Amino acid sequence: MVPAEVPDAEAEPDGLEDRLRRFVTIWSRAIFPATATSLTRPEFEQHLLPLARSLRDALHDRIFDATPAHGVGAALVGAHCTDPDALARSLGVVDAYLVLYCGEAADPAGELAADELRARCARLQATFAAGFAQALRERTLAEQEAIARSALAARGAAEDALHATEARFRAVFEGAAIGIGIADLDGRVLEVNDTLTRMFGGLEHHVRSRNVSEWVHPDDAPQVWGMYKELIRGERDNFRTEKPFFRNDGTVLWTNLTVSLLRDVDGVPQYQLALLEDTTERRLLTLRLRYEATHDALTGLPNRTLFFERLEKALAPARETPKDAAKGEAKSVGTKDGAKEAGPASAPRPAARFGLCYLDLDGFKAINDSLGHSAGDRMLVEVADRLQSCATAPGEMVARLGGDEFVALTTGPDTQREVGELAARILGALATPISLDGREFTVRGSIGIVEGKAGESTAAEVLRSADITMYRAKSAGGNRFEHADAEADARAITRHGLTTSLPTALERGEFFIEYQPLVHLADGTVHGAEALVRWSHPTHGVLGPDRFIPLAEHTGLIVPLGRWVLEQSVLQARAWQEELAAGTFAGPVRINVNLSPAQLHHPGLVADTVEVLERIGLPPGSLCLEVTESALIGADEDLLKPLRQLAEMGVDIALDDFGTGYSNLANLRRLPVSVLKLDRSFTQGMQQHPADPVDLKIVEGIVSLAHGLELGVTVEGVETGAQAEHLRRLGCDTAQGWYYARPGPPEMLHTLSMADAV
């Protein structure tokens, strides 16, 4: 019985010891009226304080042990708390207030969950009751012995005392808040209290007529009945476990079960005492929380957590049990000539396979942005319903990974065919327009398919391959599916690895610059050099700019990388000029540095260039910045303004890859360029004699146009002497290519320039 007084939460003390004393005060008020003691209530409260501290410490022990509660129950009997209502009130106080006052407040680090504290509290109650019952029984036996010794003198008084003791024990047994049952060592149920009877459906004879061995349940823990046999043999005194029981109506009762062995005065096992706490509602709550943790709140589909569990199970290699192996052995069938042939059982089982479709909706962000997230959510729910209808066969499931990303999984021996059909069904289901707010929207999706044998890949590897393949389908236009390709995956993974290692590569000094000479076509002397950045990757070796410049632009690293290239190139040009002044170098004195489109948009381009030139001491006229024609197509004045400022300072601007951008030639009038760098595609037909007359005419026209606009003409990709001769006759100013030299260290240009001087 829990006391009627409910403490005021706002008036509770904050100290741990104060909270413990408050708990003791409640306990004392509850049981003092039922206590046959000469102590005053404050004295009795002091007597309860160490018992409460023992319960609190047991509640929070790192390794939980309910044994101290057994001593607390016995100590209560020792304090003459043997009234029929004493145990029931004590158990009520422990159940209602122990965790409240000694739970979270004594566990500030939150190491124990609330459910764990409640479970421990229940076990302490059970052990408390067992200790009380055992002590009371021992006290009863002691009283009986005393009665026997003084039977002649006070038989009547002894009989009254025995009757009172048994009445108290019966009151404790019947009034306990947990189910209590007593059985003999053969498992026959002898006594059950009303609480246990109600737990099993309310019919006492259905419980008392049973044998403990009949309460086997399919979900029993494997070790339960082994521990029970050990207890019956006297090899253990008790055990605790979570155990389900079938009620009389067939429903399942889940309990926290504690079974203790009761011995006689000589230590010989006599009975078994079972204490049961009903945890059915708690278990249902746990299952509900598990469902919510593994399913998407919006669509109701399995979420990423549950999908990964299913995928890992599908990918696990099949393990053949000894029984399966015996079934799968070939059966020998006798033939007429005594030979043996394999029977039908020898046919190998098909290998387990899986198929995965990774779906991402095309253009879903536009719907969210235009109609709002509420409409987007309704669309996702409709998409989820359609996907669910596509995966109804055994071994198929659909899950939502998050956002507008979904996955469909199929398993079985024929997934090579089934996964393609599943992807086609998904695209077909999405083809029907979805109505939102009176408007119809056609949903498109891109699907990446991965299919293979179980046991060959991990779940993370499969999902990564499917993700890569999905983006390949999206890049191909969307509304389609693509099958995974190992080589394409490897390229994508390599790109990702390069992207992630780019930021630290510059800090580690993994970049270096090679220089390719620019040669005067008129006399063959070195005019300058183009700086070409390289990456000395620790795993992939030396990488050209085509492998990492797009990645640097995508990540924004192109700006610090471009500044580093500019600074190193200007330093090298300054060193060449110093050698030229000393007479140890015949050229070049100009350096060409490439600018990416991202650098053109950077607001610090002009300031950075001026700072590098002034700090190193290189004249602006010794620097040429190369900008691709495609970067300037349709460029407005805001984009051209930095280039104009640099050109006005004396920095040359070269229009790189001229002729590949399909730009209007009239744009040349407004671009601040001083050099046209002709793309190599226009000169391929000049590598041999006779040259392609069409190429000759085109180049001749470009050279005439450029010179008419007072622009210099540089040709790249010169590979033969015939090509160089044609370009010289056409009036091109400078050239570069393998015919003269491949890109190399600055020392290589030093050798070339000295050879030209000789």
Side-chain angles (χ1 to χ4, degrees), residues 460-461 464-465 467-468 471 487-517 528-579 588 591-618 622-628 631 656 736 741-751:
E461 291 170 344
R464 179 178 61 183
S465 178
D467 189 24
I468 293 171
Y471 277 107
E487 294 183 1
D489 287 359
R491 290 193 296 270
I493 293 170
T494 299
R495 286 196 300 273
H496 176 72
L498 294 177
T499 301
T500 55
S501 59
L502 260 173
T504 57
L506 187 58
E507 299 174 3
R508 293 194 298 262
E510 295 178 1
F511 293 102
F512 67 97
I513 299 175
E514 291 185 332
Y515 299 90
Q516 187 172 39
E530 179 180 1
L532 300 170
V533 64
R534 305 286 189 260
W535 183 3
S536 180
H537 194 278
T539 303
H540 301 287
V542 176
L543 303 177
D546 58 314
R547 294 287 302 277
F548 62 86
I549 290 298
L551 304 180
E553 291 178 337
H554 178 70
T555 59
L557 188 68
I558 190 64
V559 173
L561 177 59
R563 178 182 172 86
W564 179 84
V565 172
L566 175 66
E567 183 173 5
Q568 297 301 311
S569 303
V570 170
L571 280 170
Q572 184 58 57
R574 176 62 179 166
W576 281 330
Q577 287 193 352
E578 292 175 353
E579 293 179 13
I591 189 70
N592 285 29
V593 179
N594 291 283
L595 284 182
S596 76
Q599 290 176 274
L600 291 176
H601 290 82
H602 190 265
L605 172 62
V606 176
D608 287 348
T609 305
V610 171
E611 189 275 332
V612 169
L613 290 173
E614 291 181 349
R615 174 166 48 86
I616 297 175
L618 184 72
S622 297
L623 174 64
C624 178
L625 298 178
E626 298 187 7
V627 184
T628 59
D656 196 11
Q736 67 184 93
R742 297 191 179 194
E747 296 80 11
M748 180 266 293
L749 274 82
H750 187 280
T751 303

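All values derive from a computational prediction rather than experimental measurement.
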Mind listing the closest non-hydrogen atom pair of Gln577 and Ser622 along with its distance? NE2-OG, 2.8 Å
Taking all atoms of both residues into account, what is the closest heavy-atom pair of Pro550 and Pro545, and its distance? CD-O, 3.7 Å
Test side-chain contact (heavy atoms from CB on, under 4.5 Å) applied to Asn594 - qualifying residues, sequence neighbours left out: Glu530, Leu532, Glu626, Asp656
If you take all heavy atoms of Pro517 and Gln736, which pair is closest and at what distance? O-CB, 3.3 Å
Minimum-distance pair of heavy atoms, taken over all atoms of Arg574 and Gly617: NH1-O, 3.6 Å
Closest non-hydrogen atom pair, Leu502 against Ala552: CD1-N, 3.7 Å
State which residues pass side-chain contact (heavy atoms from CB on, under 4.5 Å) with Ser596; sequence neighbours excluded, sorted by chain then number. Glu553, Ile558, Ala598, Gln599
Any Phe512 side-chain heavy atom under 4.5 Å of Pro745 side chain: no
Please report the closest heavy-atom contact between Tyr515 and Gln572, naming both atoms and the distance. OH-CB, 3.4 Å
How long is the span from the CZ atom in Arg547 to the NE2 atom in His537, to the nearest 0.5 Å? 9.0 Å
List in chain and number order the residues that pass side-chain contact (heavy atoms from CB on, under 4.5 Å) with Pro560, two or more places apart in sequence or in another chain; answer none if no residue qualifies. Leu506, Leu557
Who are the ring-ring contact (aromatic ring centres under 6.0 Å, His included) partners of Phe548, not counting sequence neighbours? Phe511, Trp535
Let me see the working for Val593 and Val570 under side-chain contact (heavy atoms from CB on, under 4.5 Å), right down to the final yes or no. CA-CA 9 Å; Val593 179; Val570 170; 5.8 Å; no
Tabulate below the donor-acceptor pairs under 3.5 Å that side-chain atoms of residues 606-616 make, not counting sequence neighbours, or state none.
residue: Asp608; atom: OD1; partner: Arg563; partner atom: NH1; Å: 3.0
residue: Thr609; atom: OG1; partner: Leu605; partner atom: O; Å: 2.8
residue: Glu611; atom: OE1; partner: Arg563; partner atom: NH2; Å: 2.9
residue: Glu611; atom: OE1; partner: Arg615; partner atom: NH2; Å: 3.4
residue: Glu611; atom: OE2; partner: Arg615; partner atom: NE; Å: 2.7
residue: Arg615; atom: NH1; partner: Glu567; partner atom: OE2; Å: 3.0
residue: Arg615; atom: NH2; partner: Glu567; partner atom: OE2; Å: 3.2

Partners passing side-chain contact (heavy atoms from CB on, under 4.5 Å) against Pro503 (at least two apart in sequence or in another chain): none
Below 4.5 Å, heavy atoms only, C-beta onward: do Leu623 and Leu566 meet side chain to side chain? yes
